[in-house]
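One structure is given here, and the rest of the page talks about it.
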Amino acid sequence: MKIAIDAMGGDFAPKEMVAGAVAAAKENEDIQLLLVGDEAQIKMHLTEAQPGNLHIVHATEVIESEDEPVRAVRRKKDSSMVVAGKLVKDKEADAMLSAGNTGALMATGLLVVGRIPGIERPALAPLLPSLDGVGMLALDLGANMDATPEQLYQYAVMGSIYRERAQGMKAPRVGLLNVGTEDSKGNEVSKATYELLKQSELNFVGNVESKHMLERPCDVLVCDGFAGNIMLKSYEGAASVIFKQLKTSFTQSLLTKVAAAIMLPKLKGLKKTLDPNEFGGALLLGVNGCVMKIHGSSDARAVQAAVKQAKTAIKGKLIESITAEINKE
């Protein structure tokens, strides 16, 4: 099993990408990790002996965050991201992950790796934190701003297969993001999607409101990229503000500092439960290979978690399962 890592993508590349790859290589001695990027820069951050299952694939260019995605993918053919995509396309790697330009990674998935036959539009599917620690798979959270009912139905199918094959979840519950839980709620697309899901063989539990997200009201949450991305950013912003406010409140006086010391283990546990870095990356479901996006500000822990996540998806034959289900007679 080989996993390619875009060493040059992300806010803290290549340092954190290299550190995460080294940690993942030590943790997973049964897989090969390919660090794709400028060899000289990568070696600068290899502060110890390179693990035997960690290899460098040299790439001369970098796709920057400000680059126009499609143009960058077409013009920067020797960029770390595109080279990693080609490794997956040519079956020289089983998966790739990147913390780089999200739009460019979508374009790499579509233009370099290619779509699974029968899939109309790929979907970005991160595992969102939940209070029970299990997490909720949500798709699409940004690959496509609009979607038809048929495309949303395909998201539900791909998400269900992911939770079944890659995570061993039996009959995952599918929910549809909506403004209310009643059957009649939502716009015309939501209503039509509701009917498709209701008539399917999926374990559809109905409409879900975003206010219940942390309680894991379903295992697979289906939505278009516009609403999904707004929901995600709202969650990230709210979580950030809450933890900042807690820190301020617990440092106001000696009494609150004592209270903070008592509460510290619980607070650390809560923060870990709600930390996206602990959940790895977001798979681009629908492309003909395992392509994963991790947060632009990912640290070594996030890279290590994403490698573990990719390994699980490969072992579960995720891509093969989606292909078979979408194209079955």
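Worth saying up front: this structure is predicted, and the values here are computed from it rather than measured. Each residue takes its place number in the sequence, starting with 1.
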Side chains of [X] and [Y]: donor-acceptor distance under 3.5 Å anywhere?
X: Tyr162; Y: Asp219; value: no
X: Asn101; Y: Ser65; value: no
X: Asn207; Y: Thr181; value: no
X: Lys191; Y: Asn187; value: no
X: Glu120; Y: Gln154; value: no

Using a 4.5 Å cut-off on heavy atoms from C-beta on, say whether the side chain of [Y] contacts that of [X].
X: Lys185; Y: Tyr194; result: no
X: His45; Y: Met17; result: no
X: Lys43; Y: Leu35; result: no

Between [Y] and [X], is there a salt bridge with N-O shorter than 4.0 Å?
X: Asp132; Y: Arg216; answer: yes
X: Lys76; Y: Asp67; answer: yes
X: Asp94; Y: Lys311; answer: no

Requested in this report: Count the heavy atoms belonging to other residues, nucleotides or ligands that lie under 6.0 Å from CZ of Phe226, then report whether that count exceeds 12.
Outcome: no

Query raised in the report: Just by distance, do the side chain of Ser130 and the backbone of Gly135 share a donor-acceptor pair under 3.5 Å?
Result: yes

Query raised in the report: Which residue, Thr193, Asp140, Leu139, forms the side-chain contact (heavy atoms from CB on, under 4.5 Å) with Leu152?
Result: Thr193

Query - Linked, directly or transitively: Leu283 and Leu105 (ILVMFWY side chains, under 4.5 Å) - result: no

